[in-house]
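As the structure is a computational prediction, the values presented were derived from the model and not from experiment. All chains are named by letter (A, B, ...) in the order of the sequence lines, taking the proteins before the strands, and each is independently numbered beginning at 1.
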Number of protein chains: 2
Amino acid sequence: MLDSETKAVETPEDHAEELRLWLRLLTCTTLIEGEVRGRLRQRFDVTLPRFDLMAQLDKAPDGMTLSDVSKRMMVSNGNVTGLVERLVESGHLDRRTSETDRRVQVIRLTKLGRAEFRKMAAEHETWIADLFADLTPKDVRELMRLLAKTKASAQKSAARRRP
Amino acid sequence: MLDSETKAVETPEDHAEELRLWLRLLTCTTLIEGEVRGRLRQRFDVTLPRFDLMAQLDKAPDGMTLSDVSKRMMVSNGNVTGLVERLVESGHLDRRTSETDRRVQVIRLTKLGRAEFRKMAAEHETWIADLFADLTPKDVRELMRLLAKTKASAQKSAARRRP
DNA sequence: CCAAATTGCTTTAAGCCTAAAATGTTTCCA
DNA sequence: TGGAAACATTTTAGGCTTAAAGCAATTTGG
């Protein structure tokens, strides 16, 4: 009663478990991300950010604005600017100013970009399957559930700080 | 019998679930990492990579070699070189050439570095606890277990490619 | 013993990434 | 209607990151 309150105020809580969880989450992601990046480079001479950007555009046949891309990829605006620049340069992306709002740039995959992406994506999917091969379907479902909960929790915490 | 073999060869497997899992894992990590990076910058004007490097050294009172650090942090050697340079410059790290092997550089936290890190780490731990606040202890245990399994699976897959 | 391989680290070139400031455009509303 | 606010993007300055090449020191196997 009084004890539990006293304890909460006076003794620092033990959050070692959450810390370990965060480190493990980070390790897993870094490991897989590094593996995917290496394979993309070796097989297709493409970087992971470029692949990710093309993946977003592949899902949007009518194109996306740079802001959309930036939100979806969870990266800064300036980052997208440079990424798009290089992909337009290499002929994978088409970029045009919106007819109705001259602030907005709409980008799309070119025919070349789409063809190359589809080839990469097919192989990429097998890499991911292989990397997660030891998980049972039940494991996958359970992880999905727990990560959804984690994402919601983190978003709530972020919103608490930056309302 | 024949059917299952035929199927395995001729029809592409469906790995959409694993793909979704990977994307969710990546989203969670990016979200939390971004939040932690922002808080470190605002509260302590320090970058996440510097914090991570100091965290490694805090666990090694006798210091570490650059290779050790690079393996632990899962980043390239050249990356560590630059990171250490900046932290020595700012007075947080002490670096000396090994007596017994002149190729080796041993780095340690300075008194200043350790003091600053301890302060940051204490606060950092509360951020993590808050970000994971909605997970029950059981959720945490279960996630730990599944991520351990994931890590093992990914390592096995990576080793298959690069034996 | 000594040349070849290995190891630890640094350098290089290129690209990724962020926060913050700047630029140009549109919307809002008094 | 006219300016302030909001918005989309780009620019800037600085730091992070990688792969690959290079250098120096050590280990190894003939």
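- Results of the side-chain contact (heavy atoms from CB on, under 4.5 Å) test with A/Ser157 over B/Asp130, B/Ile128, B/Asp134 single out B/Asp130 as the only residue that passes.
- At the phosphate of D/dT18, OP1 or OP2 sits under 4.0 Å from a side-chain N or O atom of B/Asn79.
- With contacts defined as side-chain heavy-atom distances shorter than 4.5 Å, the pair B/Leu87/B/Arg95 does not qualify.
- B/Met73 comes within 4.0 angstrom of no nucleic acid atom, judged by non-hydrogen atoms across all strands.
- Near DNA chain C, defined here as any heavy-atom distance below 4.0 Å, the residues from residues 92-110 of chain B are B/Arg95, B/Arg103, B/Val104, B/Gln105, listed numerically.
- The backbone N or O of A/Gly91 sits less than 3.5 Å from a side-chain atom of A/Thr110, completing a donor-acceptor pair.
- For the pair A/Glu89 CD and C/dC16 P, the interatomic distance rounds to 13 Å; values are reported in whole Å.
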Anything under 3.5 Å between a donor and an acceptor, one on a side chain of residues 44-62 of chain A, the other on a protein residue two or more places apart or in another chain? List them.
| from | atom 1 | to | atom 2 | distance (Å) |
| --- | --- | --- | --- | --- |
| A/Thr47 | OG1 | A/Arg50 | N | 3.4 |
| A/Asp58 | OD1 | A/Arg114 | NH1 | 3.0 |
| A/Asp58 | OD1 | A/Arg118 | NE | 3.0 |
| A/Asp58 | OD1 | A/Arg118 | NH2 | 3.1 |
| A/Asp58 | OD2 | A/Arg118 | NE | 3.4 |

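- Here the straight-line distance linking atom NZ of B/Lys156 with atom CZ of B/Arg160 works out to 6.0 Å at 0.5 Å rounding.
- Neither side chain, B/Thr65 nor B/Gln105, offers a donor N or O lying under 3.5 Å from an acceptor on the other.
- Taking the charged nitrogens against the carboxylate oxygens, A/Lys119 and A/Glu116 have no contact shorter than 4.0 Å, which rules out a salt bridge.
- At whole-Å resolution of the value, CD in A/Glu85 and P in C/dC16 are 11 Å apart.
- Against DNA chain D, the stretch residues 41-72 of chain A makes heavy-atom approaches under 4.0 Å through A/Arg41, A/Thr65, A/Leu66, A/Ser67.
- Within residues 25-37 of chain B, no residue places a heavy atom under 4.0 Å from DNA chain C.
- Here A/Glu142 pairs with A/Arg145 under the salt bridge (Lys or Arg N to Asp or Glu O under 4.0 Å) rule; sequence neighbours left out.
- Contact check, A/Arg86 against C/dA14: no side-chain N or O comes under 4.0 Å of OP1 or OP2.
- Salt-bridge formation is detected for the pair B/Glu35/A/Arg161: a Lys NZ or Arg NE/NH1/NH2 atom is positioned less than 4.0 Å from an Asp or Glu carboxylate oxygen.
- Minimum heavy-atom separation, B/Val36 to B/Trp127: O-CZ3, 4.3 Å.
- Listed by first and then second residue, the ring pair (Phe, Tyr, Trp, His ring centres under 6.0 Å) pairs that reach into residues 63-109 of chain A come to none, sequence neighbours excluded.
- Nearest nucleotide to the side chain of B/Val75, out of D/dT18, D/dT10, D/dC16: D/dT18.
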